[in-house]
Amino acid sequence: MELSVSGRQRRAAQAAQAAPRGEKKPAGTGGGRARARPGSDRAAWSQGALAFLQEVNRQDMEARRKLLESKQRKSGDLEAMSESLKVMDRCQKIASRIMKGDKVPPQDEMYLLDNDPDGYKLALACRVPKEKPKEWESVLEEEEREDGSSGSGGETAETVESAGETAEC
């Protein structure tokens with residue numbers, strides 16, 4: 001019996017060489033019966049793996065579809081919020097003009113009354129009478145006007161400058 005380190009290394013090398021030979025020998029000499037069983041196991045495992053991968057892919061596609069739908073919903077919400085912000089901005093401009101005692105077109109007053117009734121009441125309650133009230137053009141764009149009359153659809157340069165100079169209530 002060898003007790004040296006080199007003897008152990010030799011035995012390990014011999015065992016390593018014998019192991020691959022041992023694996024090849026049973027596979028080659030096992031006959032048809034030994035080959036059929038591992039092949040069928042592999043096929044069953046492959047079908048199970050395929051089913052698993054298909055399920056994972058289905059779940060992934062469903063998650064992507066939900067993410068896309070939520071993004072589309074959010075973009076729709078963003079557009080609605082943007083439009084709501086524009087309406088609020090127009091109402092604020094109309095209300096501030098009324099509070100200053102200036103004259104606004106009747107369609108602007110109706111727009112404010114329809115979209116912000118409390119703001120309309122507050123603007124009338126806070127109205128400060130002026131000797132020479134300024135006459136403003138409509139804040140509304142053409143498609144928003146009820147009467148459909150044509151106009152510039154916005155403010156002139158003078159009205160923008162004077163609005164910046166005056167203070168709001």
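This is a predicted model, so every value here is computed, not measured.
The cluster map of Ile, Leu, Val, Met, Phe, Trp and Tyr, joined by side-chain heavy atoms under 4.5 Å apart, puts M88 and L112 in different clusters. Follow the hydrophobic side-chain contacts under 4.5 Å out from L122 and you never reach I94; the two are in separate clusters.
The shortest distance between side-chain heavy atoms of E109 and V104 falls below 4.5 Å. The shortest distance between side-chain heavy atoms of E141 and R90 falls below 4.5 Å. Residues L124 and K121 fail the side-chain proximity criterion, which asks for heavy atoms closer than 4.5 Å. Residues Q107 and S138 form a side-chain contact, since some pair of their non-hydrogen atoms from C-beta on lies under 4.5 Å apart.
One finds the OG atom of S96 at 9.0 Å from the NZ atom of K93 (value rounded to the nearest 0.5 Å). Taken to the nearest 0.5 Å, the OG atom of S70 stands 9.0 Å off from the CD atom of Q72.
The two atoms that bring P133 and K103 nearest to each other are CG-CE, 4.0 Å, heavy atoms only. Contact record, C91 with Y111: SG-CE2, 4.0 Å, taken as the closest heavy-atom pair. Contact record, K130 with K100: CE-O, 3.3 Å, taken as the closest heavy-atom pair. Heavy-atom minimum distance, A123 versus A95: CB-O, 3.7 Å. The shortest non-hydrogen separation linking D102 to R127 is O-NH2, 3.9 Å.
Looking at D89, its side chain never comes within 3.5 Å of a backbone N or O of L85 through a donor-acceptor pair. Under a 3.5 Å cut-off, the side chain of D108 and the backbone N or O of V139 do form a donor-acceptor pair.
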Is there a side chain to side chain contact (heavy atoms under 4.5 Å, CB included) between K74 and K71 once you walk through the steps?
-> CA-CA 5 Å; K74 286 180 184 177; K71 283 183 181 180; 5.6 Å; no

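Each of L50, N57, V56 was compared with Q54 under the side-chain contact (heavy atoms from CB on, under 4.5 Å) criterion, and only L50 meets it.
Ion pair R73/D77 not flagged as a salt bridge, since none of the NZ, NE, NH1 or NH2 atoms sits closer than 4.0 Å to an Asp/Glu carboxylate oxygen.
Shown here are the salt bridge (charged side-chain N to carboxylate O under 4.0 Å, His left out) partners of E69, two or more places apart in sequence or in another chain: R65.
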